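Below: the structure, in structure tokens.
All figures in this text were calculated on a predicted structure; none of them were measured in a lab. Reminder, nothing fancy here: chain letters follow the sequence lines and each chain counts from 1.
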Protein chains: 2
Amino acid sequence: MKMSHRSLPDKTIERLSQYRRNLLICLSQGKHHIFSHEIALIHHITPVQVRRDLMLIGYSGTLRKGYDVKELIDLIGLILDTEEGLKVAIVGIGNLGRSLIGYFSGKRSKLNIVAGFDNNPDKIGKIYAGVHCYSSERMQEIIVEEEISIAIITVPADNAAIVAERLVMAGIKGILNFSPKPLNVPPHVYLEEIDMITSLEKVAYYVKKQL
Amino acid sequence: MKMSHRSLPDKTIERLSQYRRNLLICLSQGKHHIFSHEIALIHHITPVQVRRDLMLIGYSGTLRKGYDVKELIDLIGLILDTEEGLKVAIVGIGNLGRSLIGYFSGKRSKLNIVAGFDNNPDKIGKIYAGVHCYSSERMQEIIVEEEISIAIITVPADNAAIVAERLVMAGIKGILNFSPKPLNVPPHVYLEEIDMITSLEKVAYYVKKQL
DNA sequence: ATAACATTGTGAAATACTTAACATCAAAAA
DNA sequence: TTTTTGATGTTAAGTATTTCACAATGTTAT
């Protein structure tokens with residue numbers, strides 16, 4: 001089990017996260033070993049792809065018995081997680097923000113949403129599924145104080161740019177942006193964008209093509 | 001302006017959708033021509049990539065004046081949209097569902113959310129930002145009746161599989177799935193998955209790497 | 001008129017990612 | 001004990017996507 005994964009492909013990272021989630025389910029069902037073709041089936045990919053991913057992270061299964069579920073989960077954790085975990089803030093406590101808080105609360109112990117921010121005075125001071133909502137004005141202060149390193153932006157498009165700028169100034173290291181406006185961040189801040197409108201238009205394109 | 005784009009790269013489709021959104025903003029600001037490097041700057045990609053995409057859709061700009069914004073928007077529309085538009089249903093009117101309804105309502109005239117479905121009796125019969133919420137039991141009936149071709153799944157993970165199955169049976173052609181469980185659909189149904197947990201874990205991975 | 005320039009369009013190279021092909025080997029079967 | 005089987009691990013080939021390099025050419029400056 002060598003640790004020689006200097007730089008894993010982007011797509012492999014995504015799949016590792018997905019593998020882990022389903023491996024945890026397998027484990028909870030009492031399944032302790034799994035074959036590459038079983039993992040592949042769950043994720044609708046080829047067994048070779050699974051084996052390649054595991055090869056890249058330096059994991060070896062047992063011939064004819066497959067992979068040890070528990071070991072694999074732990075190894076993926078070693079790659080994706082930090083030991084102490086990372087703190088996450090969510091900016092914009094609208095429907096989307098609250099939905100995300102719901103998704104994450106309690107689930108992944110290594111990524112905790114520890115603060116929410118919003119401008120709406122009705123929301124400030126309230127607690128949503130365990131997450132305290134603060135005034136946006138206190139963003140910088142609390143991010144520094146709590147050592148929050150990741151932010152999720154779920155504010156309306158027009159506010160996203162200014163929010164991002166303030167997050168960067170506060171020392172945020174990674175941003176997950178749901179606003180459909182491309183953001184401008186310095187290269188030392190990792191930016192991941194989820195563009196739901198584009199995703200839907202893409203579905204529409206392929207539906208059209210098939211008609 | 002030839003129409004020889006038998007099969008555009010997946011990534012090009014995504015970018016076209018994004019280009020269009022920002023071109024519409026340019027147009028509304030009175031900008032009628034745009035250079036490849038200007039488009040590139042907005043989207044944080046290279047000018048060559050922009051030119052390549054436009055080449056692939058068979059659009060030619062004017063040397064030294066760049067691209068005609070209006071023409072380009074129209075051409076992208078010709079590729080991404082159907083003339084009559086497509087109808088969209090949203091299954092699961094929780095926080096995420098309502099947030100998506102908010103995003104799309106009124107914005108894109110060619111993709112209209114025309115129905116929502118939920119099991120919660122409190123929600124059935126209500127109207128959310130113009131979208132009527134029906135009982136999930138009427139899903140099949142209404143999809144057929146209204147000729148809905150696209151569905152967005154925003155139900156909890158455990159219900160997603162059965163929802164997908166029923167959507168396929170009802171004749172849905174494309175699905176945008178927000179549940180973190182990989183779905184199983186026949187090959188004639190286009191499936192796009194947005195995995196918010198994976199996206200966040202990916203951000204965490206790159207943040208960790210940079211530390 | 002001519003030269004310098006800035007921009008487009010594109011073949012070819014480079015990079016990133018996936019899949020095929022197969023050597024290897026432990027377990028099960030004969 | 002030997003053969004067959006069915007899995008892994010990996011090199012090499014294939015595909016998809018991005019970038020390089022540069023020819024072509026209209027516009028502006030001289």
Any salt bridge linking [X] with [Y]? Criterion: basic side-chain nitrogen under 4.0 Å from a carboxylate oxygen.
{"X": "K202(B)", "Y": "D10(A)", "answer": "yes"}
{"X": "E147(B)", "Y": "K87(B)", "answer": "no"}
{"X": "K11(B)", "Y": "D53(B)", "answer": "no"}

Check: Should R21(A) and T198(B) be marked as a side-chain hydrogen bond (donor to acceptor under 3.5 Å, both in side chains) after you check the CA-CA gap, both sets of side-chain angles, and the distance that decides it?
Finding: CA-CA 9 Å; R21(A) 240 180 298 138; T198(B) 286; 2.6 Å; yes
Checklist line | Nearest to side-chain heavy atoms of V48(B), which nucleotide of dC25(C), dT19(D), dG9(D) | finding: dT19(D)
Notebook entry, point to check: Out of dT25(D), dT8(D), dT19(C), which has the shortest distance to the side chain of Y67(A)?
Noted result: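 Shortest atom-to-atom distance from the side chain points to dT8(D).
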What's the [atom1]-[atom2] distance between [X] and [N], to the nearest Å?
{"X": "L54(B)", "N": "dT8(C)", "atom1": "CG", "atom2": "C1'", "answer": "10 Å"}
{"X": "I34(A)", "N": "dT8(D)", "atom1": "CD1", "atom2": "P", "answer": "10 Å"}
{"X": "H37(B)", "N": "dT19(D)", "atom1": "NE2", "atom2": "P", "answer": "17 Å"}
{"X": "D10(B)", "N": "dA16(C)", "atom1": "CG", "atom2": "P", "answer": "19 Å"}
{"X": "K11(A)", "N": "dT15(C)", "atom1": "NZ", "atom2": "P", "answer": "18 Å"}
{"X": "L56(A)", "N": "dT11(D)", "atom1": "CG", "atom2": "P", "answer": "11 Å"}
{"X": "L72(A)", "N": "dG9(D)", "atom1": "CG", "atom2": "P", "answer": "11 Å"}
{"X": "D53(B)", "N": "dA16(D)", "atom1": "CG", "atom2": "C1'", "answer": "13 Å"}

Notebook entry, point to check: Quick one: on DNA chain C, does T12(A) or R51(A) contact a more 5' nucleotide (nearest heavy atom)?
Noted result: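 Counting from the 5' end, the first nearest nucleotide belongs to T12(A).
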Notebook entry, point to check: Quick one: the side chain of R64(B) and the base of dC5(C), do they pair up donor-acceptor inside 3.5 Å?
Noted result: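 Between dC5(C) and R64(B), which were checked side chain against base, a qualifying N/O pair under 3.5 Å is present.
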Next item on the list: State whether the distance check finds a donor on one side and an acceptor on the other, under 3.5 Å, for side chain R52(B) versus base dT18(D).
Entry: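 Under the 3.5 Å cut-off, the side chain and the base do not form any donor-acceptor pair.
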Margin query: Looking at dC17(C), I'd like to know if its phosphate oxygens (OP1 or OP2) sit under 4.0 Å from a side-chain N or O belonging to Q49(A).
Written below: no
Margin query: Does dG9(C) have its OP1 or OP2 closer than 4.0 Å to a side-chain nitrogen or oxygen of S60(B)?
Written below: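 Yes, such a contact exists.
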Check: For atom NZ of K31(B), is the number of surrounding heavy atoms from other residues, nucleotides or ligands below 6.0 Å larger than 12?
Finding: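 Result for NZ/K31(B): enclosed.
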Next item on the list: Take I45(B) and P47(A), find for each the nucleotide of DNA chain D with the closest heavy atom, and name the residue whose nucleotide sits nearer the 5' end.
Entry: P47(A)
